[in-house]
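First up is the structure itself, then whatever we jot down about it.
In this chain, numbering begins with 1 at the start of the sequence shown.
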Amino acid sequence: MQSKGAIKLLAVLLALACIFQLSFTFVTNRVERQAAREENPEAYLAEKWDQTVYNLGITKYTYKECKERELNLGLDLKGGMNVTLQVNMGDMLKSMAGDDNNATLRRAVMATDSIAAAAPETDYVETFISQYSAISGNPNVDFNVVFPDVITSGGTNHAAVAAKLKSEAQDRVNNS
């Protein structure tokens, strides 16, 4: 309990140091807001570059020095950004198959991509399964062979294969 005063003093000193460091950001923001009101903001900032804009009485700082000492704000604090993540189902199916040399798979994905581009409301996985079956010439394709790490049983039952591929695709999208 005897160090209570020292802890309070340390907290006050730390708060003052934070305010001092943050003050450079406030000063540069003030100068930049003033520049935005001018007819030629770049010329205004160039003029202020070597002029004193922050006078603490003990020391003076130019705009350049303040700019060097200001806190760098990330995009989230400057206004942010938006990111849209799109999943390419064809690439995802190719990665699930794990066989880059499967020509039937590549052709089925290309055919499915064409169909999906023309009719976006189609079910990609169902369309892929029917395209793969048509291109391979085998209506009872064993998808255990095509997707050995995904399909564990019922590899020729297209409904079960579609359900498993959709589930795996959803898991991968969620992990992204």
Side-chain angles (χ1 to χ4, degrees), residues 1-100 105-106 109-110 112-114 116-125 127-128 147-152 162-176:
M1 294 295 168
Q2 295 176 4
S3 63
K4 230 180 184 182
I7 291 174
K8 286 181 182 178
L9 177 65
L10 182 63
V12 168
L13 291 175
L14 185 61
L16 288 174
C18 290
I19 291 170
F20 174 71
Q21 288 300 317
L22 192 57
S23 68
F24 292 103
T25 303
F26 293 139
V27 170
T28 57
N29 285 343
R30 185 189 69 214
V31 171
E32 289 166 2
R33 276 194 313 270
Q34 177 62 36
R37 286 182 249 153
E38 296 293 322
E39 191 172 310
N40 188 350
E42 291 83 17
Y44 180 83
L45 291 175
E47 177 185 319
K48 289 287 186 183
W49 192 250
D50 291 322
Q51 289 182 3
T52 299
V53 293
Y54 192 29
N55 186 352
L56 291 175
I58 302 169
T59 185
K60 298 176 183 178
Y61 294 96
T62 65
Y63 175 65
K64 175 186 175 191
E65 293 168 329
C66 289
K67 193 72 176 158
E68 289 170 353
R69 294 177 134 222
E70 79 174 334
L71 294 177
N72 292 323
L73 303 177
L75 286 176
D76 55 340
L77 298 175
K78 283 188 175 179
M81 67 180 189
N82 293 322
V83 176
T84 302
L85 179 65
Q86 291 184 331
V87 176
N88 184 323
M89 284 296 291
D91 288 344
M92 188 182 307
L93 288 173
K94 287 180 198 173
S95 73
M96 283 187 214
D99 183 8
D100 293 336
L105 176 75
R106 288 195 314 267
V109 165
M110 288 187 333
T112 306
D113 287 343
S114 298
E121 69 280 352
T122 59
D123 184 333
Y124 193 94
V125 173
T127 305
F128 167 78
F147 300 102
D149 295 334
V150 178
I151 312 299
T152 55
K164 185 62 178 169
L165 288 176
K166 287 177 188 177
S167 171
E168 182 70 20
Q170 188 60 48
D171 288 347
R172 289 182 181 210
V173 168
N174 291 342
N175 287 340
S176 295

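- Taking both residues in full, the closest heavy atoms of Thr28 and Glu70 are given as OG1-OE1, 2.6 Å, listed atom of the first, atom of the second, then distance.
- Rounded to the nearest 0.5 angstrom, Leu9 CG and Leu14 CG are separated by 11.0 Å.
- The only member of Thr127, Asp123, Thr122 that meets side chain to side chain contact (heavy atoms under 4.5 Å, CB included) when paired with Val125 is Asp123.
- Between Leu105 and Phe128, some side-chain heavy-atom pair lies under the 4.5 Å cut-off.
- Residues Val53 and Cys66 approach most closely at CG2-SG, 4.0 Å, considering heavy atoms.
- Inter-residue side-chain proximity for Thr62 and Trp49 is flagged as unmet; no heavy-atom pair is nearer than 4.5 Å.
- Tested against Tyr63 for a side chain to side chain donor-acceptor pair (under 3.5 Å), the candidates Glu32, Gln51, Glu47, Lys48 yield a single pass: Glu32.
- By the 4.5 Å heavy-atom criterion applied to side chains, Arg69 and Tyr61 are counted as neighbours.
- Rounding to the nearest 0.5 Å gives a distance of 14.0 Å between CZ of Phe20 and CG of Leu13.
- The shortest side-chain heavy-atom distance between Val109 and Tyr124 falls under the 4.5 Å cut-off.
- The shortest non-hydrogen separation linking Tyr44 to Val31 is CE2-O, 3.8 Å.
- Annotation for Glu39: atom CD does not count as buried by contact number, only 12 or fewer foreign heavy atoms lying within 6.0 Å.
- The CD atom of Glu65 lies 7.5 Å from the OG1 atom of Thr59; values are rounded to the nearest 0.5 Å.
- Rounding to the nearest 0.5 Å places CG of Asn175 at 10.0 Å from CD of Gln170.
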